[in-house]
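To start, the structure under review is shown below, and the notes come after it.
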Amino acid sequence: MISGRGGAVYMVLWLYGLLVGHDSAANFVPVNNADNWLHLFLGLGMIALGFLLSRRTVADRV
């Protein structure tokens with residue numbers, strides 16, 4: 001589930017990029033619109049891969 005945690009980090013970066021202005025002094029991580037889209041797609045993709053590629057079987061989930 002490591003990729004799911006990494007995906008969560010990317011989702012936090014995506015939210016940070018949406019909430020903090022690009023020219024703001026609080027923007028210590030230099031993000032722009034392209035970075036926001038990249039973080040969104042990487043985050044969603046990594047979370048999806050974490051669920052799809054988990055090694056748990058059906059019996060383990062019950």
Side-chain angles (χ1 to χ4, degrees):
M1 195 69 179
I2 292 174
S3 64
R5 291 182 193 136
V9 171
Y10 276 117
M11 296 304 289
V12 169
L13 281 172
W14 172 67
L15 283 174
Y16 175 80
L18 287 179
L19 297 176
V20 176
H22 299 288
D23 297 329
S24 172
N27 191 5
F28 66 93
V29 179
V31 292
N32 57 26
N33 284 335
D35 291 327
N36 288 340
W37 284 105
L38 177 68
H39 293 146
L40 173 65
F41 290 131
L42 285 175
L44 292 175
M46 289 178 74
I47 290 170
L49 283 174
F51 283 116
L52 293 174
L53 299 178
S54 65
R55 294 184 179 215
R56 296 184 299 173
T57 62
V58 175
D60 291 341
R61 293 181 189 171
V62 175

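For the residue pair Asn32 and Asp35, the shortest heavy atom distance occurs at OD1-N, 2.9 Å.
For Asn33, the side chain to side chain contact (heavy atoms under 4.5 Å, CB included) partners two or more places apart in sequence, or in a different chain, are His22, Asn36.
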Side chains of residues 11-20: which donor-acceptor partners sit under 3.5 Å, not counting sequence neighbours?
| residue | atom | partner | partner atom | Å |
| --- | --- | --- | --- | --- |
| Tyr16 | OH | Ala26 | O | 2.5 |
| Tyr16 | OH | Phe28 | N | 3.2 |

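No continuous path of hydrophobic side-chain contacts links Val9 to Trp37 [ILVMFWY only; heavy atoms under 4.5 Å].
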